[in-house]
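The block underneath contains the structure these notes are about, expressed in structure tokens.
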Amino acid sequence: MTTPENAPKVSTPASAGPAHVNWFDRLSERQMTLLVIMVGLLLYIPFAGSYGLWDPWETHYSEVARR
């Protein structure tokens, strides 16, 4: 039986980490939060005001559905 004292030693190379590090991993939590907010604003602002929050024909559609 092998015990921890006489277990075979396994050497690992100095660069045991992944060869390619994703650039998202280099961002801090604050930077990632700002990135998500900026992307959201870039998607929202160009289309802001192009549609209403309430459709003026909504009452008409509800009456048609009732019949």
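In what follows, every heavy atom counts, from backbone to side chain, and hydrogens, waters and symmetry copies are set aside.
- Other residues sharing a hydrophobic cluster with V36 under the 4.5 Å side-chain heavy-atom criterion for ILVMFWY residues do not exist; the residue is a singleton.
- Under the rule for a side chain to side chain donor-acceptor pair (under 3.5 Å), E29 has no partner lying at least two apart in sequence or in another chain.
- Residue R26 comes nearest to Q31 through the heavy atom pair O-OE1, 4.3 Å, listed as atom of the first residue, atom of the second, then distance.
- I45 and M38 fall into different hydrophobic clusters, where Ile, Leu, Val, Met, Phe, Trp and Tyr are joined by side-chain heavy atoms under 4.5 Å apart, directly or via other members.
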